[in-house]
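Quick notes on the structure that follows.
By convention in this document, chain letters (A, B, ...) are assigned in the order of the sequence lines, proteins followed by strands, and residues within each chain are numbered from 1.
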There are 2 protein chains.
Amino acid sequence: MDETASLKFDSNTKSCAQCPIKKRAVCAHCEMDELAQLEEIKSYKTYAPGEMIIWTGDDMSFVGSVVTGVATLSQTMEDGRRQMVGLLLPSDFVGRPGRKKAVFDVEAATEVTLCRFKRVPFETLLAKLPHLSARMLEMSLDELDAAREWMLVLGRKNAREKIASFLSIIARREAELHKEPLRDGSEFDIKLTREAMADYLGLTLETVSRQINALKKDGVIALQSKRHVQIVDFARLMMETGDDDDGGMVI
Amino acid sequence: MDETASLKFDSNTKSCAQCPIKKRAVCAHCEMDELAQLEEIKSYKTYAPGEMIIWTGDDMSFVGSVVTGVATLSQTMEDGRRQMVGLLLPSDFVGRPGRKKAVFDVEAATEVTLCRFKRVPFETLLAKLPHLSARMLEMSLDELDAAREWMLVLGRKNAREKIASFLSIIARREAELHKEPLRDGSEFDIKLTREAMADYLGLTLETVSRQINALKKDGVIALQSKRHVQIVDFARLMMETGDDDDGGMVI
DNA sequence: TTGCCACTTTGATCTGGGTCAAATAGCCTT
DNA sequence: AAGGCTATTTGACCCAGATCAAAGTGGCAA
């Protein structure tokens, strides 16, 4: 939570292509002022894999969004049971305007670079800039849909369906990120341990391992390595999710 | 989805206390114009218990909010498995600005009165009225938190903890609604069937029945009737949820 | 290149909650 | 007050996934 940021990007440059907030919030007919105002309260910080970005209960000094890497959003019960409630990929928002204390843990799964805005000034800007709040609303409604889709996975799907759902979501976002089509043969890294996957899916790590290897044995996926997946039969993977069509999933 | 509304409230009156959108969105220093503009696109409609308010895939001609009654927001898999993803109580928002087709079912659990706004004009207003979009953002962030809290319940809690969590949430919202304190002896109606509870909790109706009666046998709750619960020992009920403190739960 | 350590797989067993089946309890209607 | 609903409870059994245990794998530090 300190400000000893290792700046990977120059926060003074006018042309910060990497910052999703700006990219999304600032449109052609905005005043240049707005850009400059966001610029002033912005900084970048990079976190090491496994590092806690935010602990539940922390004072929220900033909000921001993921520029590179993967972070997890999760809750832990006092007896250690953990549930991931969000997977934060590049362009995803971190924190919540108006919230002083964090209610979830945020942890870097890989090396993560965050584009951060000081919370209070950001809230002030939010009140002044209609485009920014419109974009925030759109983003939070998308997240809400994604969370609700995930509730179906958690509440009603069996282990195999959960794994298939997880893989198809990761594959989809990965493809989207690299602007590549998603098809048979597409491959990608799972940036999470089996345990983190289990925490996302409401399973144990042993069950995750068994089901991944079952999907491999059945020729739905291939494993280049333990964390590198190739989708052999995409249509089949979609069937295995238990969803009616390929459309549903948001995240 | 038709407009054959049975108007319980006069949509022409200037003093519609029941409409949560207005109550929340319109503040003292807003122009009177804004009120009038919302007024113009507003109507009320009442739905019978069990009636579908929105089917997944329907064209969304309106957004709005619950004035009275309880509605459920849910997804159904083609094999019939169902997961409730939200419980809509008075003041809760229905629909999503910018969304043309519904992605969830909305069903009246009791008789429900909705305050509805035609979607497209509402979106136009949203772009013009900063207070309205700020309120919408706040509401959707609250819902997002609630959905994420519920993911912990679905993914990591056992049946008894799920039931305790459900009862404590209902009790809390009921108390809040009637502006009464929540304490030992508080009582309320569960407005859902055992099956609807099961769909909310990711359980079967038999398990819901067994666990409710187990909590009764253990003196945590008492049942005045099958749907009317008295909380005998509130602190104990909170323990049974498995949460560390009484604070967490949103919805 | 060896050894360590964290991650992953695999096996054996157990159990919470699902499934199937039947009985019971409230209800509106007539 | 009898019949016919639907909602709920209760019982018996079973199985998917948890748990416990052990072995395998691979990356990297010295």
Side-chain angles (χ1 to χ4, degrees), chain A residues 48-51 72 77 79-83 107 109-111 153-167 189-218 221-229 240 242, chain B residues 48-50 72 77 79-83 107 109-110 153-167 189-218 221-229 240 242:
Chain A
E51 189 178 352
T72 63
M77 295 170 72
D79 62 5
R81 279 178 285 176
R82 183 182 310 201
Q83 178 63 51
E107 183 178 355
T110 63
E111 183 177 272
V153 174
L154 290 175
R156 291 302 186 194
K157 291 192 178 181
N158 65 29
R160 172 179 267 244
E161 291 169 332
K162 285 179 175 181
I163 296 290
S165 300
F166 174 79
L167 291 176
D189 274 323
I190 301 174
K191 267 114 174 179
L192 302 179
T193 65
R194 299 291 188 251
E195 186 176 27
M197 287 181 63
D199 287 341
Y200 198 21
L201 295 165
L203 297 170
T204 59
L205 64 93
E206 293 94 333
T207 298
V208 168
S209 175
R210 279 185 249 265
Q211 295 297 336
I212 285 183
N213 288 103
L215 287 176
K216 174 188 169 187
K217 186 167 65 58
D218 295 346
I221 58 171
L223 294 177
Q224 258 74 57
S225 77
K226 292 176 194 305
R227 303 272 194 104
H228 192 88
V229 177
E240 297 283 0
Chain B
T72 64
M77 295 169 72
D79 63 6
R81 281 177 284 175
R82 184 182 309 200
Q83 178 63 51
E107 183 178 356
T110 63
V153 174
L154 291 175
R156 291 304 187 193
K157 292 191 178 181
N158 64 30
R160 172 179 268 241
E161 291 169 332
K162 285 180 174 180
I163 296 291
S165 300
F166 175 79
L167 292 176
D189 274 324
I190 300 175
K191 269 115 175 179
L192 302 179
T193 65
R194 299 289 188 252
E195 185 176 27
M197 287 180 63
D199 287 340
Y200 199 19
L201 295 165
L203 297 171
T204 60
L205 63 92
E206 294 94 333
T207 298
V208 169
S209 175
R210 279 185 249 266
Q211 294 297 336
I212 285 182
N213 287 102
L215 286 176
K216 175 188 170 188
K217 188 167 63 58
D218 296 346
I221 59 171
L223 295 177
Q224 258 76 57
S225 79
K226 292 178 195 302
R227 303 271 195 106
H228 191 87
V229 177
E240 297 282 1

Worksheet entry | For B/D189, salt bridge (charged side-chain N to carboxylate O under 4.0 Å, His left out) partners two or more places apart |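 Expected list: none.
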
Discussion item. Applying salt bridge (charged side-chain N to carboxylate O under 4.0 Å, His left out), can you list everything that pairs with B/R194, at least two apart in sequence or on another chain?
Written reply: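 Result, salt bridge (charged side-chain N to carboxylate O under 4.0 Å, His left out) vs B/R194: none returned.
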
Suppose we screen for side-chain hydrogen bond (donor to acceptor under 3.5 Å, both in side chains). Which residues come up paired with [X], at least two apart in sequence or across chains?
{"X": "B/T207", "answer": "B/T204"}
{"X": "B/R82", "answer": "none"}
{"X": "B/D218", "answer": "B/R160"}

Worksheet entry | Rounded distance (Å) that lies between atom C1' of D/dT8 and atom CD1 of B/I190 |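 Atom CD1 in B/I190 sits about 12 Å away from atom C1' in D/dT8.
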
Discussion item. If I take atom CG in residue B/L205 and atom C1' in nucleotide D/dA7, what distance separates them, rounded to the nearest angstrom?
Written reply: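 One finds 9 Å between C1' of D/dA7 and CG of B/L205, rounded.
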
Practice prompt. Look only at the side chain of B/Q83 and the backbone of B/D199, and say whether a donor-acceptor pair between them is shorter than 3.5 Å.
Written response: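 Flag set: sc B/Q83 to bb B/D199 pair under 3.5 Å.
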
Worksheet entry | Donor-acceptor contact present, side-chain B/S209 to main-chain B/L205, <3.5 Å |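 Checked: no pair found.
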
Practice prompt. Could you encode protein contacts along nucleotides 13-24 of chain D as a string, one character per nucleotide from 5' to 3', using B for base contact, S for sugar-phosphate-only contact and - for no contact, with a heavy-atom cut-off of under 4.0 Å?
Written response: ----SSBB----

Fill in: 4.5 Å side-chain heavy-atom contact, B/F166 and B/L203
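Result no, sub-4.5 Å side-chain heavy-atom pair not found.
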
Worksheet item: Do you know which two heavy atoms are closest between B/G242 and B/E161, and how far apart they sit?
Response: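 What the structure gives for the nearest pair is CA-OE2, 3.9 Å.
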
Worksheet item: Using the C1' atoms of the five pairs at each end, what is the angle between the end axes of the helix from C/dT1-D/dA30 to C/dT30-D/dA1, to 10°?
Response: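 Both end axes considered, the difference amounts to 40°.
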
Worksheet item: According to the salt bridge (Lys or Arg N to Asp or Glu O under 4.0 Å) rule, which pairs have a member within residues 203-217 of chain A, sequence neighbours left out?
Response: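 Matches after skipping sequence neighbours: none remain.
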
Discussion item. What range of DNA chain C does chain A touch, first nucleotide to last, counting atoms under 4.0 Å from its heavy atoms?
Written reply: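 So the outermost contacting nucleotides come out as C/dC7 to C/dA12.
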
